[in-house]
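As structure tokens, the structure follows; a few thoughts come after it.
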2 protein chains.
Amino acid sequence: MAALTMTDMTVPSAADAPPVAPTSGEEGNRRGDIIRAAGRLFRQKGYNGTTIRDIADAVGMRSGSPFYHFKSKHEILFTVTTEGIEVMLRNLEMVIAKGQPARECFEDCVATHMNYLLGPGRDFAWVMLYESRLLDPAERAIVHRMSARYEEVFSAVLDRLQASGHLHDASAVARKLILGAINWSAQWYDETGASDPQAIARQLCALVLHEKN
Amino acid sequence: MAALTMTDMTVPSAADAPPVAPTSGEEGNRRGDIIRAAGRLFRQKGYNGTTIRDIADAVGMRSGSPFYHFKSKHEILFTVTTEGIEVMLRNLEMVIAKGQPARECFEDCVATHMNYLLGPGRDFAWVMLYESRLLDPAERAIVHRMSARYEEVFSAVLDRLQASGHLHDASAVARKLILGAINWSAQWYDETGASDPQAIARQLCALVLHEKN
DNA sequence: CCTACCGATCGGTAGG
DNA sequence: CCTACCGATCGGTAGG
């Protein structure tokens, strides 16, 4: 479960060069390449519809080579999935640490969630949402625990929203409904080239919140 | 695209008995058996994670026999998918035909949608929502057209809701957000044994609507 | 709807 | 990270 921190990868020094020259003219971190390619393919064709050969092709490897970096296809799925939740949870906690008023905090949380979901986290978040159920029970339990942690934190935001009179219902069902509206956007964002994530987040807030001016 | 009408299947007369005696002691419609078993398996393990042998086993056939009823595995997926949308669209149009006031109509639509999604349509609706993207482009286009038709009808309901002052935003994005909150319930309904579909529908309405008493 | 089967493909490994 | 390969499984078919 070690964070992949692919987000903050910077240009590595020449000393990091792998022992064997990479196929492309790039630097290192072939492991990260595999994860990113796998994420994209898993989203497009599903986990079971993607072969190790697809992934290897996408990063310019031969079919046996991904197993030098991961011990199984399942481990690739697990890594993509946890990358997805970890980033989302980290983002959420950073927003909350700002200590904004309830309403501003909520809108910021939603916007941040959507910015990742529809932007850089497109593949990772999608795989977490729709493919992680194909993991083994033990792995799925870990993922489930992390998702539960996310909801727990999000729940506190909703509680404050209710206390400030902006939200009437902060129950578990209401929380699921709101998160559903948010997460579902990954399904339709592409086809409607319309709004940006930020704007969608604002519309969601307006839909659910009661203004107190 | 012919409706399967598995919903209104009743006890067939003895004259409908298949030429070859079925393995189990039951009546007919092995095709319907296959569709139902496939729906359940596709939801549990995904389309690509389900084999023809899984489906055949589930209905007590040998692995080659499903191809007597369907010309390919894809055709099974397509049939399950269209069954899902057709029923949902039919249900929606029946509710609208009642001619209720905007607010009552909306709540009825949501409740009906959720009753099918979380009840008898669990497998069909799930496959439509999450597995139909694995269809061929041509088949997917048909499914997409039917979903668009559903949204179109649903959109008219939202427009009336806006006209009556119960909803501020009836835009395409708002529609997607509302449908997302509804559809996402299929993801969490099982684990939280709490509310029934009806109650969830009511909470969704309260969350989104402005009361005008 | 069964028997018997096929060609293709898949995840994964040994050995370097 | 490549070469070369394996056993298992898969969707689908011929013929009855």
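Source: prediction; values computed, not measured.
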Between A/Arg53 and A/Ile34, whichever has its closest DNA chain D nucleotide further toward 5' is A/Ile34

Please report the shortest heavy-atom distance between A/Val127 and A/Arg43, naming the atom on each side.
CG2-N, 4.2 Å

Would you say a side-chain N or O of B/Arg30 is under 4.0 Å from OP1 or OP2 of C/dC1?
yes

Using the ring centroid of each side chain, check whether B/Tyr47 and B/His74 are separated by less than 6.0 Å.
yes

Value in whole Å for how far the C1' atom of D/dC1 lies from CZ of A/Arg31
15 Å

Interatomic distance where CG belongs to B/Asp57 and P belongs to C/dC1 [whole Å]
14 Å

Return the value, rounded to whole Å, for the distance between atom CD1 of A/Ile55 and atom C1' of C/dG11.
11 Å

With a 3.5 angstrom cut-off on both distances, give the Watson-Crick or G-U wobble partner of D/dT9, or none if there isn't one.
C/dA8

Taken to the nearest whole Å, CD1/B/Ile52 to C1'/D/dT9 is 13 Å

Report the distance from atom CZ of B/Phe42 to atom CD1 of B/Ile55, rounding to the nearest 0.5 Å.
4.0 Å

Quick one: CG on B/Leu89 to CD on B/Glu152, what's the gap to the nearest 0.5 Å?
10.0 Å

Between A/Asn48 and B/Arg62, whichever has its closest DNA chain C nucleotide further toward 5' is B/Arg62

How close or far is atom C1' of C/dG11 from atom CZ of A/Phe67, stated in whole angstroms?
5 Å

For B/Ala58 against B/Arg40, the heavy-atom pair lying closest together:
CB-NH2, 4.0 Å

C/dT3 P sits how many Å from B/Met61 CE, rounded?
13 Å

With the side chain defined as heavy atoms from C-beta on, A/Tyr68 is closest, among D/dC1, D/dG12, C/dC1, to D/dC1

Can you measure B/Leu77 atom CG to D/dG11 atom C1' for me and round it to whole angstrom units?
14 Å

Just call it for B/Ser65: base, sugar-phosphate, or nothing, with non-hydrogen atoms closer than 4.0 Å on any strand.
base

With both distances under 3.5 angstrom, what nucleotide forms a Watson-Crick or G-U wobble pair with C/dG15?
D/dC2

Side chain of A/His69 only, heavy atoms from C-beta on: which candidate in D/dT3, D/dC1, C/dG11 is closest?
D/dC1

Which of these nucleotides, D/dC1, D/dG12, C/dC2, is closest to any side-chain atom of B/Lys73?
D/dG12

